[in-house]
Amino acid sequence: MILISELNHTFKIGKKGQEKDIPVLRNVNLDVAKGEIVAILGKSGSGKSTLLNLLAGFMTPESGSIQVNGEELVGKTETEKANFRLQNYGFIFQSFQLMPGLTAFENIELPLKLQGVGKQQRMIRVKELLQQVGLTDVSDHYPNELSGGQQQRVSIARALIGRPSILLADEPTGSLDSETEQEILQLIQLLNHHYGITFVIITHDEEVARTAHRQYRMHDGAIQEEMHYVS
Amino acid sequence: MLAKDQREFISQHMKRNKLRVFMTILAAAMGCAFLIILASVGFGLHKTIQDEVLSNRIVTEIELAGKEGADERVTPEEVDAIRKMEHVKTVVERVMVPGSATVKLGEKEGYGELVYTDLAAEQLANLALDSGKMPASSEEVIVGYQFANSFLTEEQYKEIEAADDYLAKETELAQAIRDKLVGQTITVDVVDYETNEVRATQTYTISGIAKKPGRDWYYDQKIYADTSKSSEVLAAFDIEAPDRSITVHATDFQYVEDLTNSLKDQGFYVYSVTEELGEMNMLFTAIQIGLVIVGTVAVLIASIGIFNTMTMAVTERTREIGIMKAIGAPPSLIQRLFLLESTLIGLIGTVIAVAVSYALSFVVNIVVPIIVFGSINEEAPTDMTITVSYIPWQLVLIAAVISVGVAVLSGWRPARKATSIDVIQALKEF
């Protein structure tokens, strides 16, 4: 499903002409199977977010290969990467990243609009998903009228609406209280179990990482597998 | 993204910034309206002068002054060939006599301008009758509408001078003479210009009176006699080859230019109203282009507003653009959405501008002539229409293309900026 090989990336800092190279990823290799939940743990600055950004196609690595569903991501154009994300990925962000001017319904509907799905079909799918994440009553609420947990549910529903095979989650419970965190983690497990969706979760929280089938830890740009919970 | 969803997306964004979008549309509309109104003055004055030129002339007429060659004369064979040309209605040949005509009508004495012509061709060309009928023989003539005026007596002239409205009085008295003209016999003395001697005398019966000329100031005092009657007068003057005035009449105004050019190519010396219009049109086209350029400056100033609005929109929506790109919106879609928004602003502005311009043009055409004639203490001539502002569809099209084009260009850079927004930076900002 996901095969990352020999991935290297460097950030350039400093004034032009006096730039300094800071290596953030060093020979990262990662293999994620279909239907797996993989957690990538690490402290701030360990390179875990950079890895996710490269996997999402938001950045281009210095060297190495990223294969997703048999397709090489490195070398694709911006348009190709955008289309790839639309068809294969769903995103869950720590700060939810909902469109403030759109209602919960419209936020969830957005990826379907981008895919060019007709209005009738969109209505059916969004309503179905709102019911699954328990947000039917607040479908016409704007993000600022929702609680943190509700916003993250909207964000998860938006990530799922396009029926992606992979969900990339960056600190999905980082902005939530412990009770809501548990609800979201249960929802992730349920979706994984029910739909066989592959999850790559970036977190610094050991509790969140325990939801995963496998854990990787990152330190100074290097990655290493730590635990394997599920056989 | 479906086109309908794109439209919905744009209108949602525009509604969220109603005031700013409204002000931008207003600026775009003002710029475009300024362009249209300014240029419409050029078109209006052009139309006024063109109408004046056309109304003073028989627009389907082409004057034939001669032909390249030794004696520069047009032969009867050549006239026949012209008559057979496509879109030629008729050719009128008038024989010129080097003398004036003194006319006796019973006891009264007057004068007229003797014209020997082919009356059938004249009728086909333009000659219409006010009363009476066309001559049945060469002994009969048609006289011009104001031919009667030359028989007003000295007493009558004194009466006219004493009247408050002397023009109306003259018309009234001349009408009394005119009413009795048809059927009367006139004796025409052809007097030599140089020696003042009577060279020939002819007698005719008036069979009809020509229609009143379109212009009040033009007095038609012609005596239209048949060409065959000219030989005796020409013999008296010892003229073998008289001067002739030849006019070619086209079937429609639209063929005049082509016919004029075709005759020119054949070596004829020609003159038609299109010659005059051609030079005038060129001058006015230059003025109109100048006015459109000046007006475009106003549109360009308005474009700064559109540029600002769109740049602000991109800056404000950095996060939203980041989210859209993250979940899979291609750069081309982001660019299209912003370009469509600026195009829509330009388009709405243009529609408002066109409506306002037509309304303003209507008002200006009523008010300005009143002010102008008021300021020079004169009444507007009843037979003259002054068009101060005229908006042809071509002007609307040009203004719309410039206005929308400038709006698209103003939105181009902000739209490009939107596509280059870095997803990671955009999502980090909030």
Side-chain angles (χ1 to χ4, degrees), chain A residues 11 49-50 52-54 56-60 76-103 106-122 142-143 155 158-162 164 167-168 170-171 175, chain B residues 1-21 309-310 312-341 344 415-430:
Chain A
F11 281 149
S49 287
T50 304
L52 188 86
N53 287 336
L54 288 167
F58 298 155
M59 296 161 79
T60 305
K76 278 187 186 294
T77 63
E78 283 303 313
T79 303
E80 285 168 344
K81 282 195 274 192
N83 283 328
F84 185 85
R85 283 197 291 271
L86 190 61
Q87 302 305 328
N88 296 278
Y89 288 154
F91 291 93
I92 306 169
F93 302 99
Q94 180 180 355
S95 49
F96 323 128
Q97 304 293 6
L98 299 175
M99 301 279 259
L102 303 182
T103 62
E106 289 165 343
N107 263 291
I108 298 168
E109 194 187 23
L110 190 57
L112 292 183
K113 279 188 173 177
L114 293 176
Q115 284 178 359
V117 176
K119 193 165 186 176
Q120 206 73 3
Q121 189 65 23
R122 293 202 307 256
Y142 286 93
S155 163
R158 184 182 65 188
L160 289 170
I161 194 80
L167 245 86
L168 303 179
D170 187 4
E171 305 279 7
S175 305
Chain B
M1 204 175 198
L2 300 173
K4 193 182 155 205
D5 291 326
Q6 291 180 30
R7 284 200 300 273
E8 200 182 290
F9 192 86
I10 294 160
S11 85
Q12 255 177 347
H13 282 292
M14 287 173 80
K15 278 177 195 162
R16 267 162 56 194
N17 284 302
K18 270 185 212 149
L19 184 65
R20 193 166 64 216
V21 170
T309 298
M310 296 315 295
M312 284 293 287
V314 171
T315 310
E316 274 177 5
R317 293 182 209 160
T318 299
R319 182 192 176 195
E320 292 176 33
I321 296 163
I323 296 168
M324 284 185 68
K325 285 180 87 172
I327 61 178
S332 58
L333 175 69
I334 307 276
Q335 183 175 337
R336 200 182 319 137
L337 290 173
F338 279 92
L339 271 181
L340 280 173
E341 190 170 327
L344 194 63
R416 290 295 302 167
K417 190 184 164 197
T419 62
S420 60
I421 282 174
D422 180 60
V423 178
I424 301 163
Q425 286 303 323
L427 299 183
K428 260 186 198 167
E429 274 181 29
F430 300 89

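Chain A is the first sequence line, chain B the second, and so forth, proteins listed ahead of strands; every chain is numbered from 1.
Here the closest heavy-atom approach between residue A82(A) and residue A329(B) is recorded as CB-O, 3.8 Å. The minimum heavy-atom distance linking T79(A) with P330(B) is given by the pair CG2-CB, 4.0 Å. The minimum heavy-atom distance between F93(A) and A326(B), with the atom names listed, is CZ-CB, 4.2 Å. Of all non-hydrogen atoms in K325(B) and R85(A), the two that sit nearest each other are O-NH2, 3.0 Å. The minimum heavy-atom distance linking L86(A) with I327(B) is given by the pair CD1-O, 3.3 Å.
Neither the backbone nor the side chain of F84(A) comes within less than 4.5 Å of any heavy atom in chain B. Of the two parts of Q87(A), neither the backbone nor the side chain holds a non-hydrogen atom closer than 4.5 Å to a non-hydrogen atom of chain B. Both the backbone and the side chain of F58(A) come within contact range of chain B, each with at least one heavy atom under 4.5 Å from a heavy atom of that chain. If you measure heavy-atom distances from K119(A) to chain B, the contacts under 4.5 Å come from the side chain alone. Of the two parts of L98(A), only the backbone, made up of N, CA, C and O, holds a non-hydrogen atom closer than 4.5 Å to a non-hydrogen atom of chain B.
By number of non-hydrogen pairs under 4.5 angstrom with chain A, the leading residue of K4(B), Q6(B), Q12(B) is Q12(B). Of the listed residues E80(A), R158(A), Q115(A), Q94(A), the one with more heavy-atom pairs under 4.5 angstrom with chain B than any other is R158(A).
We find the CG-CD1 distance between N107(A) and I323(B) to be 7.5 Å, quoted to the nearest 0.5 Å.
Of residues 331-339 of chain B, those residues with a non-hydrogen atom less than 4.5 Å from any non-hydrogen atom of chain A are, in numerical order, P331(B), L333(B).
For the pair R122(A)/D5(B), a side-chain contact is recorded, criterion being any heavy-atom separation below 4.5 Å from C-beta on. With contacts defined as side-chain heavy-atom distances shorter than 4.5 Å, the pair E320(B)/L102(A) does not qualify.
The side-chain contact (heavy atoms from CB on, under 4.5 Å) test with M59(A) is passed by exactly one of V423(B), I424(B), D422(B): I424(B).
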